[in-house]
Number of protein chains: 2
Amino acid sequence: MDETDDTLMVKAAWLYHVGGLNQAETAERLGLTRARVNRLLADALEEGVVSITVDRQLAGMVPVEEALRRRFGLDFCQATPALDLGLDRQPATDKGDRAGLSPAQKVAFRAVGLLGANHLRAHLARDEPATVGLGWGRTLEQMTLHMAGVSAPNARFISLMGSLTANSAFNPFELVHTLAKRTGGEGYFLPVPFIADTVEDKQVLLSQRQVAKALAIAETATLCMISVGELEESALLRRQGMLTAADLDSLHAAGAVGDTNGIFFDANGRPVDHPLNKRTIAVPFDVLRDLNVVLMVASPEKTRAAAALLASGIVNGLIIDGDAALKMMDRT
Amino acid sequence: MDETDDTLMVKAAWLYHVGGLNQAETAERLGLTRARVNRLLADALEEGVVSITVDRQLAGMVPVEEALRRRFGLDFCQATPALDLGLDRQPATDKGDRAGLSPAQKVAFRAVGLLGANHLRAHLARDEPATVGLGWGRTLEQMTLHMAGVSAPNARFISLMGSLTANSAFNPFELVHTLAKRTGGEGYFLPVPFIADTVEDKQVLLSQRQVAKALAIAETATLCMISVGELEESALLRRQGMLTAADLDSLHAAGAVGDTNGIFFDANGRPVDHPLNKRTIAVPFDVLRDLNVVLMVASPEKTRAAAALLASGIVNGLIIDGDAALKMMDRT
DNA sequence: CAAGACGAATTACATTTGTTACGAGGGATG
DNA sequence: CATCCCTCGTAACAAATGTAATTCGTCTTG
């Protein structure tokens, strides 16, 4: 069943994309309905049986990538094509949008997600067994959507942080779960809240055997993919209700400009001295520093936070939205 | 100009294919007309800026490929997905078709052409300078169509045989020319007719310095891509008027079952003893035997000739239409 | 400066594609 | 055995895409 179905899908895809037939002709050739062919083709794209690649070399971002790579001492830097040409359209309406993302942002997330997925795919394709540490957020979520059709039964995916209360698609647990399912690998996550209620609680939670075990795995990660959050009202942490407005203010007062995995850092990428940072449950910077960490940045609003995190020296590779990359270049 | 255009193309392609916008939205986003975006996208596909890949693993041809690889002692074998499921449709109408190809054949040529192009592309992507020897025919022509967007300024393309009189798109000269132009490499070809009028003429032609030089280059080829012709009324050689019906008969009488580059061979892949073989101007089998030769076979009608050529031992790699591959398996 | 050539925008139209609603099999499941 | 659930075929429609004809500006060229 399974094989027949895949084979049929490949045949349809081959006739359509390679053979240059249209869906009606393809259907006739295979003795199927046009509607069925249409669905087969859609599924083939969905499942990664056919994939579309755009040459990044011609996008003109190579100089920018190289400049960022050198400035922050990275192993590599990849940027998506810049699209805004410097002029933002209706940014006012975008910013306040609480429900979803503006169209421009959506494209950015998808694009960065794709590049991230390609990087991860390449990592999984190596011979050595892979252990992949993961942050959370919409960028990472987009990455998982592009990971269809990748098989990596020996891979382990592990969350670098505790879980959210709200069960969104970009929850650490969901991310790990999705990746494990799609690749056939194993998923691990920290079965504790993201931010403990008190410092004492955190100690109790950390002492759990399950948690210690998971953290030990995380420390052996061969690749970590994380994102960064800016510290504004529009921040995802704030929207998710993980932070109160008062929290935000006091974090600002402590010099924080952003967070990654719930660890708040200042303009130099150093964790700030703040109660919240003592309650967060996540793999700390000191551990990340020795791991292979790739940062994904999907929106120009995050340039300040991203620059700060890059300055911390824990990041080895950067995958960034083209417009964000240009903006980052502008701030000298 | 040039760069701007490419960049625009990449942006449009990125928004459309990665960002998931439709052409109207893409146009709006870039401040262009929908029609322009449509053309940009078409061009992007045409020029190889965006490429569509179909996973060959799932086509179910791997066992067949492996079997063929072993039987003929090849380095590799790639087959396109089989589509006919063993049952041919209107083969009668197809066979006599003098003008063009049946739809089924067209797909086969394109598919094999694509795989050939991928192989060639990979060869050109190596670090070492490449010298590529080329045969002729519609299969090879299709290959050149899929070579857009490949840059290989150090590559040399050389025809393994003389030229046709009729200036078709699959003429050796045209093939070499197209490839050189598309990749930015150099093209060489044998400036002599494919089949000399007499044996004496052949000697004269071969003695030309230009010709000797070209042949010397051909003998250093790092990769040769050739195809095979069956020896029937429908054969391209016959259609092109290179062979008379009488020629065909006498070749059959001499035991010939097919040709490659105008060299006629028997069921064991050995050149037959026939006047025509003494007049053909092409790199001989003894030279090819020491080169890295890849054979492309695009139609089930050619299985007998292909099998014979494979038996000769001059072929190192095979790229074949899926239905032809199955048919070849059937003849035990 | 006029004429013509070229590229691109506009428009309109034909084709292709995506999506939905509906009904007929065809296994699983109780 | 009835029923549910899923898949597929059918048909119709809406949306998107491809293409050609036309016009307009701009740049070249005589």
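Chain letters run A, B, ... following the sequence lines, proteins first and then strands; every chain starts at 1.
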Shorter than 3.5 Å, N or O on both sides, protein versus nucleotides 18-21 of chain C: list them out with atom names.
from	atom 1	to	atom 2	distance (Å)
dG18(C)	OP2	Gln23(A)	NE2	2.6
dG18(C)	OP2	Asn38(A)	ND2	2.8
dG18(C)	O6	Arg34(A)	NH2	2.8

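Rounded to an integer number of Å, the gap from Arg36(A) CZ to dG9(D) C1' is 10 Å. Look at CG on Leu30(A): it is 14 Å from P on dC8(D), rounded to the nearest Å. When rounded to the nearest whole Å, the span between CG of Asn22(B) and P of dA16(D) equals 5 Å. For the pair Met9(A) CE and dT7(D) P, the computed distance is 12 Å after rounding to whole Å. Between the C1' atom of dT10(C) and the CG atom of Leu32(B) lies a distance of 14 Å, rounded to the nearest Å. Leu40(A) places its CG atom 14 Å from the P atom of dT17(C), with the value rounded to the nearest Å.
Not counting sequence neighbours, the partners of Phe189(A) by the ring pair (Phe, Tyr, Trp, His ring centres under 6.0 Å) test are Phe173(A). Partners of Arg110(A) under the side-chain hydrogen bond (donor to acceptor under 3.5 Å, both in side chains) rule, at least two apart in sequence or in another chain, do not exist in this structure. Not a single side-chain contact (heavy atoms from CB on, under 4.5 Å) links Asn154(B) to another residue, sequence neighbours left out. Shown here are the side-chain contact (heavy atoms from CB on, under 4.5 Å) partners of Ile52(A), two or more places apart in sequence or in another chain: Leu45(A), His17(B), Ile52(B). Listed by chain and number, the residues in a ring pair (Phe, Tyr, Trp, His ring centres under 6.0 Å) with His119(B) are Phe76(B) (sequence neighbours excluded).
For the atom pair CG of Asp321(B) and NZ of Lys302(B), the computed distance is 10.5 Å after rounding to the nearest 0.5 Å.
Pairs passing the side chain to side chain donor-acceptor pair (under 3.5 Å) check and including a residue from residues 32-43 of chain A, sequence neighbours excluded, read Gln23(A)-Asn38(A). Listed by first then second residue, pairs satisfying side chain to side chain donor-acceptor pair (under 3.5 Å) with a partner in residues 50-64 of chain B read Arg56(B)-Glu65(B), not counting sequence neighbours.
Out of dA9(C), dA16(D), dT17(C), the shortest distance to the side chain of Thr33(B) is found at dA9(C).
Annotation: the terminal axes of the helix from dC1(C)-dG30(D) to dG30(C)-dC1(D) meet at 30°, where each axis is the rotation carrying the C1' atoms of four end pairs onto the next four (5 pairs per end, rounded to 10°).
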